[in-house]
Amino acid sequence: MKATGCSPTPDHSARNYSAVQQVAEYDHETMADPLFTISSTLRAAFAVVTGLPPEEIDPVVRPSDRADAQANGALALARQLGKQPREIAEAVVATGMLAASCSVTEVAGPGFINLTFKPEFLASELADAAGDERLGVRLAGQQRTVVIDYSHPNVAKEMHVGHLRTTIIGDSLVRLLRFVGHRTILENHIGDWGRQFGMLIEHLLDLGETEGAHELSVGDLNTFYREAARKFDDNDEFKDRSRRRVVELQGGDAETLRLWHLLVDESMRYFNQVYAQLGVLLSNDDLMGESAYNDMLAMVVDRLRDQGLLQHSQGAEVVFADGFVNREGDPLPLIVRNSLGGFLYAATDLACIIDRVERLHADLLVYVVGAPQAHHLNMVFAVARMAGWLAPPVEAVHVAFGNVLGEDRKMFKSRTGDTVKLSDLLDEAVARATASVREKNPEMSPSEQAEVGEMIGIGAIKYADLSTDRLKDYVFDWERMLAFDGNTAPYLQYAHARICSIFRRADLERASLGSIVPSLAAPQERALALALLQFDTTVHDTLDKFSPHRLCTYLFELAQAFTSFYEACPVLKDGHEATRESRLALCDITARTLHQGLFLLGIEAPERM
RNA sequence: GCCCUCGUAGCUCAGGGGAUAGAGCGUCGGCCUCCGGAGCCGUAGGCGCAGGUUCGAAUCCUGCCGAGGGCACCA
């Protein structure tokens with residue numbers, strides 16, 4: 001069949017273009033990245049020269065300005081062996097073991113080995129990656145069961161920019177984890193329990209169930225919550241009713257539970273609309289709200305008591321963990337149950353750990369939670385370790401993130417000082433993007449303009465958030481995130497769309513390109529090939545640090561390498577028939593890498609824009 | 001007061017032991033016989049301060065300065 005643009009070729013089983021969501025069933029051995037390949041060659045060469053066991057040697061291979069790569073291992077080994085670094089480096093080169101893959105191997109400076117790869121070697125590695133559904137990305141060495149805890153909006157409360165960060169960082173991490181072969185369990189720990197539900201239920205009754213439910217389901221959550229809180233503060237009769245209602249809720253009163261369910265369901269209906277607009281993987285199947293752990297809380301306390309960890313302090317039931325002190329420098333306890341007998345969120349968080357480890361058999365717990373929670377989570381983890389619930393090989397990781405700031409570098413707020421509704425933010429992004437699509441493509445049908453505008457607008461918001469180190473605060477700036485130049489989603493999407501445009505013009509079997517070994521004569525072809533081959537390492541680096549911005553940086557550099565190539569290397573023009581197939585093959589794998597990379601960030605790649 | 005995070009170009013950000021610290025935006029200057037110019041090529045401009053470890057520090061350690069956050073019954 002003829003390829004049309006970037007459309008998937010679903011009947012071609014070897015190379016389905018659509019993004020890979022789950023791992024292939026076969027075991028995968030390709031190691032496309034030449035830096036990875038050369039590392040093992042160098043390790044062996046260093047072993048020959050030094051007589052050390054290969055596993056004790058780090059050849060310290062890095063990308064280089066002066067060559068394709070540089071190996072700095074000689075400098076570190078020189079001291080330990082009492083030799084000159086240059087001497088070792090020269091001996092490594094003299095083994096001849098690098099000759100198969102490198103055209104130039106020179107020792108420079110104090111003992112760096114500069115490496116230039118043979119074009120044939122790069123081309124062959126690239127052809128391997130191109131022929132692979134996973135684009136040469138290795139599976140994780142060890143498959144883990146990972147629980148990712150993220151998003152967690154509060155029932156009957158508006159979602160805002162803070163939820164945006166946890167939701168899309170979590171979503172990207174899920175996609176990355178799955179791609180390298182881990183088993184993922186998504187958990188949306190929604191705030192669906194607590195004292196505030198007394199007033200929320202009473203307010204629902206005051207409004208009338210139908211009217212109240214409507215207000216929630218259409219997303220007028222701010223009004224609902226604010227009105228309930230206002231009455232609670234101003235109206236003693238309402239306050240009394242609310243308090244009685246909390247008791248009934250906790251006591252399991254059927255009618256109260258029905259009303260509570262109504263609040264949860266209507267809120268989720270709204271949240272699911274936001275998730276759908278965002279294009280994230282979360283669904284109702286992933287709901288594990290606070291209330292889900294209610295039945296475990298007494299057990300948590302019992303188990304802590306049985307292990308002798310539970311102490312009474314100022315009327316509360318607490319656990320003291322080493323290393324935590326309060327303002328006065330006295331030991332700071334983790335309060336599991338307050339002096340009135342109520343369970344606190346520490347109890348729920350501990351129940352979560354038990355549930356995830358003992359019921360779900362997770363061996364990695366990922367918490368995508370704001371940085372201010374670091375102290376609390378560290379205490380919870382510490383107590384869980386004391387209790388033996390969190391023991392190797394099980395690990396817990398706090399994937400922390402900073403705040404979203406406005407242009408004034410203060411917490412992102414609307415002009416009136418309110419928190420900005422997430423859905424309003426998404427609507428505005430889509431509206432802005434659609435407007436520019438309409439401007440650039442007047443001939444495009446309105447429905448396609450809307451479709452593309454949504455991909456660009458949502459992609460821009462996500463990319464702006466994901467592309468900066470998650471730990472830092474970042475400044476929300478419409479102009480910058482929606483710009484079509486610079487490190488933005490539209491720039492990456494544009495690079496992808498341009499390649500799709502080439503394939504619309506080219507009359508060929510797209511799938512056949514996978515078996516072509518490209519020639520890498522022009523410097524831009526070489527640079528593009530080198531960039532493409534780093535996808536594998538990048539994906540694994542990104543996951544090692546749980547930092548999607550590493551993948552963003554990579555994709556931006558790849559897109560830049562492509563546009564430079566595209567500028568300098570004619571693909572379909574007359575007079576370039578000899579390089580046509582080779583360059584089309586480069587275009588093909590670039591498009592697939594961009595598409596897959598964006599998919600791993602949760603961003604769609606339109607075929608025209 | 002103690003603890004955590006962060007200070008890199010005018011602005012927004014990468015780089016987290018290796019050579020001359022990279023991008024983007026903005027500035028300034030080139031490239032339209034152009035497969036999508038929403039582009040490409042070039043230009044100038046910087047590691048908060050002070051010590052220390054190291055053959056080598058933006059990166060690791062200590063202190064200071066500055067910003068943000070946390071520090072007992074909300075989550």
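Per chain, numbering begins at 1; letters A, B, ... match sequence-line order. Because only heavy atoms are used, hydrogens play no part in the values below, and waters and symmetry mates are left out as well, while side chains stay in.
Shown for residues 454-464 of chain A: no residue has heavy atoms falling under 4.0 angstrom of RNA chain B.
A side chain to side chain donor-acceptor pair (under 3.5 Å) check over residues 538-563 of chain A, counting only residues at least two apart or in different chains, returns the pairs A:Tyr491-A:Thr563, A:Asp536-A:His540. Screening residues 574-587 of chain A for salt bridge (charged side-chain N to carboxylate O under 4.0 Å, His left out) gives A:Glu525-A:Arg583 as the qualifying pairs, with residues at least two apart or on separate chains. Listed by first and then second residue, the salt bridge (charged side-chain N to carboxylate O under 4.0 Å, His left out) pairs involving residues 57-78 of chain A are A:Asp68-A:Arg526 (not counting sequence neighbours). Pairs passing the salt bridge (charged side-chain N to carboxylate O under 4.0 Å, His left out) check and including a residue from residues 334-346 of chain A, sequence neighbours excluded, read A:Glu317-A:Arg337.
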**Prompt:** Nucleotide by nucleotide, 5' to 3', does protein get under 4.0 Å of the base (B), only the sugar-phosphate (S), or neither (-) in nucleotides 15-27 of chain B, counting heavy atoms?
**Reply:** S--BBB--SSS--
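Legend: residues meeting ring-ring contact (aromatic ring centres under 6.0 Å, His included) with A:Phe546, ordered by chain and number and at least two apart, are absent. In this view, A:His376 and A:Tyr345 satisfy the ring-ring contact (aromatic ring centres under 6.0 Å, His included) rule, not counting sequence neighbours. Checked against salt bridge (Lys or Arg N to Asp or Glu O under 4.0 Å), A:Arg165 has the following partners two or more places apart in sequence or in another chain: A:Asp465. In this view, A:Tyr494 satisfies the ring-ring contact (aromatic ring centres under 6.0 Å, His included) rule with no residue, not counting sequence neighbours. Residues meeting the ring-ring contact (aromatic ring centres under 6.0 Å, His included) test with A:His160, sequence neighbours left out: A:His163.
Taking every side-chain heavy atom of A:Thr468 into account, B:rA14 is the closest of B:rC40, B:rA14, B:rG39. When distances run from any side-chain atom of A:Arg505 to the nucleotides B:rG36, B:rG39, B:rC71, the shortest one goes to B:rG36.
If A:Cys569 and A:Leu340 are placed on RNA chain B by their nearest nucleotide, the residue sitting closer to the 5' end is A:Cys569.
Nucleic acid contact for A:Val475: sugar-phosphate only, since backbone atoms but no base atoms lie under 4.0 Å from a heavy atom of the residue. Nucleic acid contact for A:Arg608: base, since at least one base atom lies under 4.0 Å from a heavy atom of the residue.
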**Item:** Dot-bracket pairing map - RNA chain B, Watson-Crick plus G-U, both contacts under 3.5 Å, | cross-strand
**Value:** (((((((..((((....[...))))..((((.......)))).....(((((..]....))))))))))))....
